[in-house]
Amino acid sequence: MTAIPSTSARPPAAVSTSGAKKSTKKHRRTLDMTLPSASDSSSLTGHAHLLATKWMSPAKLAELIASEGLVYKKGKFSAIEIKQINDAIENYRTTRNLSEEDVNAIIFPSDEKQRDAVFWSELSSAVSERPIIAVYHYVRRARHPMKGQGKWQPEEDAKLIQAVTSLGQQWENVARLVGRMATDCRDRYRNHIVNRDKRVSGPWSSAEEEKLTQIVVDMQKGKDLDNDIFWGKVSEMMGGTRTRQQCRIKWTDSLSKRYKADGQSARWSSRDSFILIHKIDSLNVRDDTEIDWKTMQDPQWNLWSAHVLQRRWLTMKKGIKGFEDMTHPEIMDILRVKNADVPHAKVVKSAKFVVDSDDEEPRAGSSTGPGTSAGQRKGDSSDSDSE
DNA sequence: CCTCAAGGTAAGGGTAATTTTAGTCC
DNA sequence: TGGACTAAAATTACCCTTACCTTGAG
């Protein structure tokens with residue numbers, strides 16, 4: 001079965017760069033790039049070699065994108081890349097006859113003398129579209145001995161609070177006292193400890209929703225990118241009652257859509273499933289972790305956020321019996337059949353998606369108009385409390 | 001000294017798995 | 001009236017990139 005989509009795996013799904021394939025490379029300063037080195041027995045292209053050997057800052061990368069048409073990949077590491085990295089580590093270990101501990105010592109050297117640049121270059125070569133610095137950060141996190149310890153216990157919170165009180169935001173030192181990774185301590189602190197007593201959880205009141213919309217819309221004035229918003233600041237402006245994560249999710253998954261659609265909120269229909277499946281299909285990825293959900297969004301298509309689309313995909317996938325043991329192409333084969341027909345009406349490629357009657361029928365009173373349903377949660381004391 | 005690349009740490013920005021809540025159907 | 005199901009909303013652990021700093025080689 002399977003019938004692999006063939007289509008030869010297109011080039012890297014790489015992002016960045018805006019056309020302009022190379023040009024004169026008179027530019028060069030210090031980089032002394034050994035470009036297409038004839039010795040490409042390594043099969044590395046000039047850019048890949050550059051990415052795998054030079055520790056370039058974001059500014060430098062941006063410069064090369066502009067001047068050279070450099071292309072590199074950003075975002076989450078896919079399952080395939082992770083495997084490539086792990087294989088490369090294992091390969092490095094066995095060819096040099098090293099033990100696991102030796103490798104750990106390379107990844108987390110106890111003193112400068114143990115640094116091993118060759119190691120990092122070799123790993124980066126295994127994932128040719130990633131800059132060495134990205135691989136470095138990824139591996140250090142993925143292999144950290146204190147990673148992944150699950151839910152925070154009250155005692156840990158207490159330790160954290162104490163450590164921060166006495167040390168300040170020196171996360172590496174705090175981490176030693178708490179027994180968690182520095183970045184996890186930082187996250188716990190900013191996402192759960194700060195303003196803990198002011199925190200509100202549960203459904204948003206319509207007053208809160210209005211306030212958030214107001215704040216975000218104001219901050220966006222003049223810019224047109226959602227990510228020009230500093231969510232920490234937004235949280236502050238909400239009076240510290242909602243965290244940056246709460247604000248961000250509320251906005252991107254719900255309010256922004258409602259705002260752009262003039263107060264309407266659409267419901268997912270089988271037609272949307274149809275469109276989604278076909279969009280995914282056209283990507284020809286070998287694995288769903290390779291999908292970049294942001295590219296799936298389409299202003300012509302209901303304003304679904306990347307997050308919603310991703311969740312929708314997961315729901316569909318999990319609806320297939322035995323999906324755990326299937327490959328992505330196999331799953332797609334099934335979903336393609338299940339969603340073979342566009343529910344009457346043409347594929348709505350057009351404009352605003354006027355919710356005419358439509359199979360899924362949005363009405364049903366549901367939909368929380370700006371304040372219907374659960375809505376208000378009464379003034380519940382707070383609410384006023386200025387700010 | 002001075003410069004600059006390597007590499008360590010913190011801040012900024014983000015995602016996705018899981019849990020909770022709210023409808024809907026029978 | 002209430003259990004089973006499902007979709008939407010909320011929560012939070014976990015992740016990646018960028019900014020900034022320190023260090024040591026040349």
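Just so it is clear: chains get the letters A, B, ... in the order the sequence lines come, proteins before strands, and each one is counted from 1. The basis for the numbers below is simple: all heavy atoms, side chains too, and nothing from hydrogens, waters or symmetry mates.
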Task: Joint cluster assignment, A/Y92 & A/F108, ILVMFWY side-chain distance < 4.5 Å - done: yes
Task: With A/E81, the side chain to side chain contact (heavy atoms under 4.5 Å, CB included) member among A/V127, A/V135, A/N86 - done: A/V127
Short N/O separations, protein against nucleotides 18-21 of chain C, under 3.5 angstrom:
residue : atom : partner : partner atom : Å
C/dT18  : OP1  : A/K74   : NZ           : 2.7

Open item on the list: Has A/N91 got a side-chain atom pairing as donor or acceptor with A/A88's backbone, closer than 3.5 angstrom?
Closed with: no
TODO: Would you confirm whether A/S256, through its side chain, and A/W251, through its main-chain N or O, come within 3.5 Å as a donor-acceptor pair?
DONE: yes
Task: Closest contact, heavy atoms only, A/S121 versus A/T53 - done: OG-CA, 3.9 Å
Task: Heavy atoms of other groups near A/Q162 CD, more than 12 under 6.0 Å - done: no
Task: Between A/H47 and A/Y72, ring centroids under 6.0 Å - done: no
Which part of the nucleic acid, if any, lies within reach of [X] when heavy atoms closer than 4.0 Å are counted: base, sugar-phosphate only, or nothing?
{"X": "A/D184", "answer": "nothing"}
{"X": "A/R199", "answer": "nothing"}
{"X": "A/A134", "answer": "sugar-phosphate"}
{"X": "A/R244", "answer": "base"}
{"X": "A/G75", "answer": "sugar-phosphate"}

Open item on the list: Judged by each residue's nearest nucleotide on DNA chain B, which is more toward the 5′ side, A/T53 or A/R248?
Closed with: A/T53
Taking only the side-chain heavy atoms of [X] (C-beta and beyond), determine which of [options] contains the nearest atom.
{"X": "A/R186", "options": "C/dT11, C/dC15, B/dG7", "value": "C/dC15"}
{"X": "A/R190", "options": "C/dT11, B/dA6, C/dC15", "value": "C/dC15"}
{"X": "A/D187", "options": "B/dA16, B/dG13, B/dA10", "value": "B/dG13"}

Contact under 4.0 Å: [X] side-chain N or O vs [N] OP1/OP2:
{"X": "A/Q246", "N": "C/dT11", "result": "yes"}
{"X": "A/S201", "N": "C/dA10", "result": "no"}
{"X": "A/W171", "N": "B/dA11", "result": "yes"}

Task: Spacing between A/R141 atom CZ and B/dA11 atom P, to the nearest angstrom - done: 16 Å
Task: Under-3.5 Å donor-acceptor pair between A/R140 side chain and B/dG7 base - done: no
Task: Positions of residues 157-169 of chain A (non-hydrogen atom under 4.0 Å from DNA chain C), listed by number - done: none
